[in-house]
Amino acid sequence: MEITNEAKTYTKGGKPASYIPELALQSVEQFAACIVDQNGNYFEVGNIEAQFTLQSISKVINFIVACEYHGLQFVLDKVDVEPTAPGKPFNPMINAGAITIALMLPGESVKDRVDYVVDFLNRITDSPHQINEAVYRFEIETTHRNRAIAYYLKANDYLLCDVEEAVETYIRLCSLEVSTKDFAKIGLMLAGNGVHPLTNEKLITPKTAKITKALMTTCGLYNASGKYAASIGIPMKSGVSGSVLCTVSNGKVEHLKGKLGIGVYSPGIDDIGNSVAGMKFIEKLSQAYDLSIF
Ligand code: GLU
């Protein structure tokens, strides 16, 4: 596919995340993409089973699980949904909101919370997921910024229990391994507003699915969310492993019609944290197949 070949020319345009050794070791030449439509047709580029860590995309999963368990209002009473706003933690797609939400996850321990989320993820992707312990061990020893955020949240009564427990929960879920095929299935479930188009299983409520997509659109790509809302126009969340989760509710052009889930992985990220080749692939796809919601 011409779009794939063009996107691959950008793989060396980024560098792997340098602050986590296991990510820094990844070859930027890796490129994988998986698209699945509502009829179960897959479009595959590269190794769609290649594993990488969720990193920031865990924020999407954790937000969904917290909303489904406690109800949306409970979550929104504690975490805002603004791209930037004074007061309570800004939103679930940035670290302050995500760490607050980590403590809302069901369970009385780090293990319980992580196991709950892994079970939820397994139900959507129909595949097992494990923690990359090497990534976890390194991050938990060096995540000083997240600890500082957690102590600030504690000092302002947004974190109602142990700071270390919140940070460990959050970092363990960042270290969960997934693939672009998994992302395609998650994206398709979101496109179906919580009903999985392939199984018709009701996995989450439409209310949770819709606000999740709104947050991905407004806050999913760090400080480039506005730029990509304009140039691509679909709900996306990126992570520093060089992966992007996308969801399309109404594809209009042949071959990419109806509901779609898209996962992309290319470890070379830009200074903002987004995969250079991954974003180029999605941008060209959106332009060629008119995927924008605007
Ligand atoms: N575990 C990373 C952190 O919290 C995730 C960063 C990201 O993917 O944006 O710093």
Side-chain angles (χ1 to χ4, degrees), residues 14-26 28 30 51-63 79 83-84 89-103 105 110 113-114 117-118 121 129-153 159 163-180 182-183 186 215-216 218-225 227-228 236-246 263-279:
K15 294 183 185 130
S18 56
Y19 71 104
I20 304 173
E22 286 68 24
L23 301 189
L25 293 174
Q26 292 302 319
V28 293
Q30 295 177 82
Q51 298 290 298
F52 48 85
T53 51
L54 263 177
Q55 295 304 333
S56 205
I57 300 171
S58 63
K59 297 178 171 97
V60 172
I61 310 299
N62 298 347
F63 175 70
V79 180
T84 55
F90 288 172
N91 77 64
M93 299 299 143
I94 63 163
N95 287 31
I99 292 168
T100 305
I101 283 175
L103 257 294
L105 295 170
V110 173
R113 294 187 194 99
V114 171
V117 172
V118 170
L121 202 48
H129 298 279
Q130 60 184 20
I131 303 277
N132 181 316
E133 293 294 348
V135 169
Y136 170 71
R137 272 196 308 277
F138 183 84
E139 268 214 274
I140 201 63
E141 294 304 321
T142 60
T143 195
H144 311 308
R145 177 173 172 270
N146 285 319
R147 275 196 183 86
I149 291 170
Y151 275 107
Y152 174 82
L153 294 170
L159 214 49
V163 162
E164 199 53 31
E165 201 172 318
V167 173
E168 282 182 25
T169 302
Y170 167 69
I171 295 294
R172 276 197 81 71
L173 291 166
C174 282
S175 309
L176 258 183
E177 291 188 322
V178 287
S179 67
T180 53
D182 294 326
F183 278 178
I186 297 166
L215 284 167
M216 289 166 75
T218 55
C219 317
L221 297 167
Y222 313 111
N223 293 338
S225 298
K227 165 187 161 186
Y228 286 121
M236 295 175 276
K237 179 72 191 87
S238 59
V240 291
S241 51
S243 56
V244 194
L245 162 64
C246 316
V264 187
Y265 171 58
S266 185
I269 59 175
D270 61 20
D271 295 341
I272 292 176
N274 296 312
S275 171
V276 175
M279 295 311 299

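We number each residue from 1, following the sequence as shown. Atoms within a ligand are numbered from 1 in the order they appear, just like the ligands themselves.
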Discussion item. Salt bridge or not between Arg172 and Glu133? Use side-chain N to carboxylate O under 4.0 Å.
Written reply: yes
Worksheet entry | Between CZ on residue Phe63 and OG on residue Ser58, distance to nearest 0.5 Å | 13.5 Å
Discussion item. Residue by residue, ordered by chain and number, which ones reach under 4.0 Å of ligand 1 with a heavy atom?
Written reply: Tyr19, Gln55, Ser56, Asn95, Glu139, Asn146, Tyr170, Cys174, Tyr222, Gly239, Val240
Worksheet item: Would you call the rings of Phe52 and Phe183 parallel, tilted or perpendicular if under 30° counts as parallel and over 60° as perpendicular?
Response: perpendicular
Item to complete: Indicate yes or no for a side-chain donor-acceptor contact from Ser266 to the backbone of Gln30 under 3.5 Å, with no hydrogens or angles considered.
Response: yes
Response to the item:
Closest non-hydrogen atoms of Cys219 and Asn91, given as atom of the first, atom of the second and distance, are SG-ND2, 3.5 Å
Worksheet entry | Cation-pi geometry met for Lys237 and Tyr228 (6.0 Å, 45°) | no
